[in-house]
Each structure stands twice: as C-alpha cells, then as structure tokens.
Amino acid sequence: MRFVTFDGGAVGAVLGAEVVDLSCLATTARDAFPPTGMVRFIADYQANLARLPDALARGARKPLSACRLQAPILWPNKIVAYPANYHAHFEEMKNKTGLISTFKADGQGFFLKANSSLSGPSDPIVLPNVAGREIHHECELAVIIGAGGRNIPRAAAMQHIFGYACLLDIVIRGKEERVMRKSFDSFCPLGPWIITQDEAPPADAIAMRLSVNGVERQSANTRHLIVDIPEMIRMASSVMTLYPGDIIATGTPAGVGPIAPGDRVSIHIEGIGAMDLDVVQGEDGAHEVWNKGAEKPQGAPP
Ligand code: MN
C-alpha cells in the first residue's frame, strides 16, 4: 500500500489514480495540533489491518492529482540521519573537505535533523537568506519505522520497518554545527507517500537517482551502503528508543551539488516513488553566525 497525508492532515491510501480517505480509521482529528495523524495510523496499523479493506471500500475518493500531498509524516518523534554512508560520497567529501575516515557512518554514527524541517511533495525548497554559501541537495532513501523498540538486534531489524519514502537532506555546506546547517524549514522534503515494506524492493537493492533541471547529479543503489539498513536500525536503537513513524535518512551517494533559486530538483527511487521540487529564494535565515564559519576548527564534519 501507499499511504499519504493530504489536504490539511488527512490520512489516505493511494489506489491507482485516486486517494481514498482513511479518516474513519484515524484516532486523531485531521486538523489536530500536533499533527500526528500518520504517526498514530502507523502505530495502530497492525490493530487496524482487519478494518482496512472495509475502510478502503467505503472511504471517500478523490483524484490523486487533485490532492495537495503533504509530508506523509508531519510530526515524528525524530529524524535520524546517517552521514557519509556511501563509499563514493565519502571519497568525494574527503577530497573537498579533508574528512578523515572516522567521519564515515560506520565510525561516526548518526545525527538528528529538526522535525520542523520536513516538507512535502507540493512544497518548494526555500533557500535561506545566507549570502555566499553553497546549499546542496542530498538524495536519500527514507526508512519509516513501524513497530518501535530499543536494542533491536540486526536479525529483527527488518520487522521494525513500516515502509519507505523519498527524502532530500538539504544542507548549507560549512563548518557550523551540522544540525543547524540541515534544519532550515523545508530542508527535509519527504514523500510523495510511504510505500509499505511488502510492496517495496529488497532493502539492499533499491536504486535511486536525483537530477537538477533534468541533468542527472546522483545515482546509486542501497547495495553500496557502508552501514546497511538493518545495521542503521540496530545502531540507532542502541542509543535511543525508536517509535512508530520515526524517519531514518539513510545517507546520500556521490554527486551532491549546489541548488539555486529557479532550479527544479527531481528525486526518483525505483519502486518507491518520485518528487519534483522547485527551489525558491526565501527572506528568512540571515544571522551573523553564518559569517564566522571560517573560525571553526578544521576537520569538523561537513
Ligand atoms: Mn544526508
């Protein structure tokens, strides 16, 4: 199944060219704050499976093209993100920034990205008003956690996956704290839907590509991950409890590069989905902290 959040917080399923409203299964009002409709839907999924066929048959239908798709998860407990998790991307960043090998995902682990950076397939990527700095796209597969847990062993990790989505990890390159450089509003496009694991390709054979204005920049397959998907779940859950709806950004392959106002960024993950996102210049984001980057110690992760 493919599940969406649409039209102001409603949860639905995509069937062909239509979206079926699954509000009848929801225990959260669509306009509730915080907007946890999909998180609750995922948390209750096993309990609701028996009711799903009836809900799909009876739910109101609307053409997918007429729906305003939002980030499928609007209020996760956390977004876990793995840096430098493809060998070729690590080499690329090492050459650009002097990274040392402990900064690969298998030696550095993961970081967090602000939940409020999430945006949807209908939203533009809004560049902050920070002059003279490169803002890069990172093409990533998102893993969506289903059943939560702590200390999840490798052998059980796949049972904790609800599904997958496309994710862009947008970042200002530089030496400031990574979470700040990656957490501007709209710096984490997610979508266009969550496809459940049973309908997705095998986790170690998912191909993805990203293009800007029709020119391919990134192309990779999860078989080339440094820390693979089961190990990402094991590592993250060794530190913290994973909850239903948590998002894991699995890391970007080689080919990261700058985006500018007017660009159109396209991400396509085979068997998962695709999004086309416009890049626009925003007015917010200026702060003198961005003028001091050169004073930061060398060797900090990008
Ligand atoms: Mn990334």
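For ligands, and for the atoms within them, numbers begin at 1 and follow the listed sequence.
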Check ion pair Lys78-Asp246 (N to O, under 4.0 angstrom):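 Result for this pair is yes, salt bridge flagged.
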Distance filter under 2.8 Å, centred on the Mn ion (ligand 1) - protein N, O or S atoms that pass it: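 Within the sphere that stays under 2.8 Å of the Mn ion (ligand 1), the protein atoms of type N, O or S are Glu138 OE1, Glu140 OE2, Asp169 OD2.
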Applying side chain to side chain contact (heavy atoms under 4.5 Å, CB included) between Arg178 and each of Met180, Arg181, Lys175, Glu176, report the one that passes.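 The passing option is Arg181.
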Taking the six-membered ring for Trp, are Phe184 and Trp290 closer than 6.0 Å centroid to centroid?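 Ring-ring flag for Phe184/Trp290: true, centres closer than 6.0 Å.
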Going by distance alone, is a donor N or O of one side chain under 3.5 Å from an acceptor N or O of the other, for His136 and Glu134?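 Distance-only check passes for His136 and Glu134.
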List for me each residue that meets side-chain hydrogen bond (donor to acceptor under 3.5 Å, both in side chains) alongside Arg264, sequence neighbours excluded, and say none if there are none.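 So Arg264 forms a side-chain hydrogen bond (donor to acceptor under 3.5 Å, both in side chains) with Asp278.
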Is the shortest heavy-atom distance from the side chain of Arg173 to the side chain of Val256 under 4.5 Å?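 The answer is yes, as the side chains (C-beta and beyond) meet within the 4.5 Å cut-off.
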